[in-house]
Every structure is written in structure tokens, then in C-alpha cells.
Amino acid sequence: MAYQTFRQEYMQIPPVTRAYTTACVLTTAVVQLELITPFQLYFNPDLIFRHYQVWRLITNFLFFGAVGFNFLFNMIFLYRYCRMLEEGSFRGRTADFVFMFLFGGLLMAIFGLFVSLVFLGQAFTIMLVYVWSRRNPYVRMNFFGLLNFQAPFLPWVLMGFSLLLGNSIIVDLLGIAVGHIYFFLEDVFPNQPGGGRILKTPYVLKAIFDTQEEDPNYNPLPEDRPGGFAWGGGQ
């Protein structure tokens, strides 16, 4: 009975969010079980291009460190904001959401060539948070019951929190930068005089992921009730 309930709840998670968070949890699990080591996963351009270990282009986004506070914190934010994006502004547009993943991942890999970052999953999470926050500018947030602010400030609050924990803010800045590039090209530039859509989802992705026709009359509900946890919670 418990298994059926869990399975039902699990299958109700949107497909992209379900696939990505599951991959992250499983990757951490196999590392914890010492079946593989982080040295087989991290981003290393030399090993990727000279030794053809191309899986590192993906696995470096899946490992968030050993199980602990930092891992749980990242998983909560990843699951929460990835799901809200997929069920909100990307509802019925799975191919566009996958394309955002590919575009963001590619940009981060390129930037990763110039900064000393070996795992980019946290930066990817910040990118998702940034895009959600810019698309929901009027949502009021509450961070650990200490700070109240508008949603667009959330990525910067998280960066400040990382700084307080003694972590490098380069990861946060990378996620913010990539998120801003995507948001500008997708949401801002097309509405500017003389602007247009630069980011166009390839037809092959639409053929694979968009199996149902979009309802032209569908108007996404405002994502103003994230619910759940006190940190980064909407009001």
C-alpha cells in the first residue's frame, strides 16, 4: 500500500523534474556506496576532449557532494523550482524546458573551461531559481523566517547565504549569469523594438517530447503559492 502511494506520488512529478532529481539522487547514492568515485564524474575538459570521456559533460551536473545539509539544501531547491517552472511557465512545453536544460548546460560547460569548477549542478540549480524568480517578480518570499523580499532577489539571497557558509560564490554567479542570458534571450529581447526570438527549440525535441498539442487558450496560473519550506517560501 505504501509502495503504491509512493509510486503514485512519484509518477505525478513532471517528467523532466522527475528524471533530473532521480538522476541526482541515484548518482549520490552510488558514490555513497563507493561503487564509483567523484573522480569519475567531475568536469575535466582534458579528459573529455582528449580521452573522450564525454559522460563527464552530464555527470558533473548530477553530483552535489556527500549526503548532508548542503546536499539536502540543493535537492530541495532543485526539485522545488524545477517543478514549479515545469508546471508553470513551461506547462505543455516539455521540449522547450528540455531545450533550456541543454542551452544552460552548454553555456555552463563553456564557462567552465575558464573557471576552476569541477561540478556544475549547484550553478544549474541557481539558474533554475533565477529564471523562476524573474518570471514571478511579484511573489513575496520568506527566507528562514528572517528575510522578506520579492522573488527576483532570491538568487542574490542564496548567494549571500553561500558566502556566510564559507562557500565560493563563483558557482552562484555562474548560475545567475547563465539564467540571465536565457531570460534575456527568451523573455526580454523578443519584446524589444527590432528584437526577435533567437532561441528556437529544435523540431526533433518537439517531436520527442511534445506529444500533445498545446491548448491555445491555456493561460498559466501565477506561481504565487510555492508552499512547502520556510526558506525561499512564497506568500
Quiz item: Restricting to pairs with a member in residues 108-125, which pass salt bridge (Lys or Arg N to Asp or Glu O under 4.0 Å), not counting sequence neighbours?
Solution: none
Are more than 12 heavy atoms from other residues, nucleotides or ligands located less than 6.0 Å from atom [atom1] of [X]?
{"X": "Q12", "atom1": "CD", "value": "yes"}
{"X": "F183", "atom1": "CZ", "value": "yes"}
{"X": "I58", "atom1": "CD1", "value": "no"}
{"X": "W55", "atom1": "CH2", "value": "yes"}

Spacing of [atom1] belonging to [X] relative to [atom2] belonging to [Y], to within rounding of 0.5 Å:
{"X": "T201", "Y": "M100", "atom1": "OG1", "atom2": "CE", "answer": "11.0 Å"}
{"X": "L41", "Y": "F61", "atom1": "CG", "atom2": "CZ", "answer": "13.0 Å"}
{"X": "L158", "Y": "F153", "atom1": "CG", "atom2": "CZ", "answer": "13.5 Å"}
{"X": "R56", "Y": "D46", "atom1": "CZ", "atom2": "CG", "answer": "10.0 Å"}
{"X": "F77", "Y": "T125", "atom1": "CZ", "atom2": "OG1", "answer": "10.0 Å"}
{"X": "L78", "Y": "R83", "atom1": "CG", "atom2": "CZ", "answer": "13.0 Å"}

Can [Y] be reached from [X] by stepping across I, L, V, M, F, W or Y side chains whose heavy atoms are under 4.5 Å apart?
{"X": "L62", "Y": "F43", "answer": "no"}
{"X": "L199", "Y": "I208", "answer": "yes"}
{"X": "Y52", "Y": "F49", "answer": "no"}
{"X": "L57", "Y": "L174", "answer": "no"}
{"X": "I126", "Y": "I181", "answer": "yes"}

Quiz item: Quick one: ring pair (Phe, Tyr, Trp, His ring centres under 6.0 Å) pairs with a partner in residues 97-120, sequence neighbours left out?
Solution: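 Those involving residues 97-120 are Y20-F101, F63-F119, F90-F97, F97-F101, F101-F124.
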Practice problem: Can you see which heavy atom on N136 is nearest to which on P152, and at what distance? | Solution: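 Minimum heavy-atom separation between N136 and P152: O-CD, 4.4 Å.
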Self-check item: No-hydrogen, no-angle side-chain donor-acceptor test under 3.5 Å, Y81 and S133
Solution: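 The criterion, which ignores hydrogens and geometry beyond distance, is not satisfied for S133 and Y81.
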Quiz item: Do R18 side-chain atoms and M11 backbone N/O form a donor-acceptor pair below 3.5 Å?
Solution: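 Such a contact is found between R18 side chain and M11 backbone.
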Quiz item: Under 3.5 Å, side chain of Q122 to main-chain N/O of V171, donor-acceptor pair present?
Solution: no
Quiz item: Residues in side-chain hydrogen bond (donor to acceptor under 3.5 Å, both in side chains) with R197, at least two apart?
Solution: E186
Self-check item: Residues V31, I36; criterion side-chain contact (heavy atoms from CB on, under 4.5 Å); working and verdict
Solution: CA-CA 5 Å; V31 171; I36 59 175; 3.9 Å; yes
Quiz item: Under 30°, 30 to 60°, or over 60°: which ring-plane class applies to Y130 and H180, parallel, tilted or perpendicular?
Solution: perpendicular
